[in-house]
Amino acid sequence: MTRRAALFRRVHCAAFLLATGIAALTTGAPVQAQFSLAVSPPRFELSAKPGERVREVIELTHRDTRAGAYKLKTTDWTFRPDASVDFSDELLSGSCRPWVAIERRELSITPGRPYRFRFEVTPPAGTPPTECRFAVMIEGQQPAAAPGVPVALGARIGVIVYVAVGDVAPVLELAGSSVQTVDGQATPMLKIRNTGTAHGRLAGFLSGTDASGTALELQASTTPVMAGETRDIALVANKPGDTETAVAVRFPITITGKLEWGKNGSMPIHQRFAP
């Protein structure tokens, strides 16, 4: 795995695979757990009006040779400063899980035949503008597929759901910058503050020149910044035109350009980074 892939695997918040002693993050690709289940999509970003019912479908594909037994439920979750996630079976303050209905809590899936699992969210009439979030947890109930394979009975996948109720939106602003060590490498970071009413993500590419005069292209990680939070966002450097291979940065580095967020938001960037 390249450093770029490892970094984005660590900081993206899309779907979460959890087993005993294991915690991993994945991006927009279908999620596959140790219990041979593929889940798509790993994340939903929905919009709803008060009193309106919104229905969605999670596609579950069991890829073992035997039928798969699973339990399903909803949980609350919080996103920690280190980009890890805490899941809670108890209702957190302001939880919208009472608005959520899932079609069933136990499920057997035939190998090779995708199952379309349905859930719905109904914000009550009169709900003020807010962003609601929860996870649909899918827990494997079958033993290991082969002798000696350490598959935990409690292995889980959490499909993350955001629901924007009414007129809510992020407002992202640059609050500072720094150089931090990520996976053993000095990495430029942007400190992003969200003063809006919904989570937001940065998107786009920046131009940079390092201490040797080498031209670089930098992409901001798509780690979400929750409403009311401030979070450090990593910039991953690569050669212009090659977004798959991360390169080591020779500091100091000067970075310029513009990043986008939300529907119409943009953020001009002109920063010099030195460790």
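Throughout, numbering of the chain's residues begins at 1 and tracks the sequence. Computed from a predicted structure; not experimentally measured.
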| If you count the non-hydrogen atoms of other residues, nucleotides and ligands that lie under 6.0 Å from CG in D242, is the total more than 12? | yes

Has the side chain of [X] got a donor or acceptor atom that lies under 3.5 Å from a matching backbone atom of [Y]?
X    : Y    : answer
T130 : C132 : no
S177 : L190 : no
N194 : V225 : yes
D232 : M189 : no
R231 : R80  : yes
R201 : T222 : yes
R97  : D89  : yes
T187 : Q185 : yes
E260 : G204 : no

Does the side chain of [Y] come within less than 4.5 Å of [X]'s, by heavy atoms?
X    : Y    : value
V168 : P129 : yes
K191 : T230 : yes
W99  : T127 : yes
Y162 : M226 : yes
Y115 : T110 : no
S221 : V236 : no
F273 : V249 : no

For [X] and [Y], which heavy atoms make the closest approach, and how far apart are they?
X    : Y    : result
S36  : D64  : CB-N, 3.8 Å
V161 : L46  : CG1-CD1, 4.1 Å
N238 : T245 : CB-O, 3.0 Å
S207 : L218 : C-CD1, 4.2 Å
L216 : A237 : CD1-CB, 4.3 Å
P170 : G262 : CG-CA, 4.3 Å

Hey, could you give me the [atom1]/[atom2] distance between [X] and [Y], rounded to the nearest 0.5 Å?
X    : Y    : atom1 : atom2 : value
E229 : T78  : CD    : OG1   : 9.0 Å
R113 : T61  : CZ    : OG1   : 11.5 Å
R104 : R118 : CZ    : CZ    : 9.5 Å
L259 : I192 : CG    : CD1   : 7.5 Å
L172 : R193 : CG    : CZ    : 11.0 Å
R133 : D76  : CZ    : CG    : 9.0 Å

| request: Mind running side-chain contact (heavy atoms from CB on, under 4.5 Å) on L60 and L107 for me, showing each step along the way? | output: CA-CA 10 Å; L60 308 175; L107 180 63; 3.8 Å; yes

| field | side-chain contact (heavy atoms from CB on, under 4.5 Å) between F44 and F119, intermediate numbers included | value | CA-CA 11 Å; F44 290 88; F119 70 92; 3.9 Å; yes

| field | Ring centroid separation F79 to H199 under 6.0 Å | value | no

| said: Set out, in order, the CA-CA distance, both residues' side-chain angles and the distance that settles side-chain contact (heavy atoms from CB on, under 4.5 Å) for S95 and F134, then state yes or no. | reply: CA-CA 8 Å; S95 174; F134 62 93; over 6 Å; no

| said: Let's go through K71 and E139 carefully: what are the C-alpha distance in whole Å and the side-chain angles of both, what is the deciding distance for salt bridge (Lys or Arg N to Asp or Glu O under 4.0 Å) to 0.1 Å, and is it a yes or a no? | reply: CA-CA 5 Å; K71 289 186 176 181; E139 181 174 346; over 6 Å; no

| task | List the steps, then state whether salt bridge (Lys or Arg N to Asp or Glu O under 4.0 Å) holds for E45 with R43. | result | CA-CA 7 Å; E45 299 194 5; R43 182 181 75 220; 3.2 Å; yes

| said: One pair to check against side-chain contact (heavy atoms from CB on, under 4.5 Å): V39 and I138. What are the steps and the verdict? | reply: CA-CA 9 Å; V39 178; I138 307 158; 4.2 Å; yes

| task | Report whether V163 and L92 are members of the same hydrophobic cluster (ILVMFWY, side-chain heavy atoms less than 4.5 Å apart, transitive linking). | result | no

| task | Look at the side-chain heavy atoms of Ile, Leu, Val, Met, Phe, Trp and Tyr, link any pair under 4.5 Å apart, and say whether V136 and V57 land in one connected group. | result | no

| request: Any chance you could lay out the side chain to side chain donor-acceptor pair (under 3.5 Å) test for Q180 and S178, step after step, and finish with the verdict? | output: CA-CA 6 Å; Q180 299 180 23; S178 63; 3.2 Å; yes

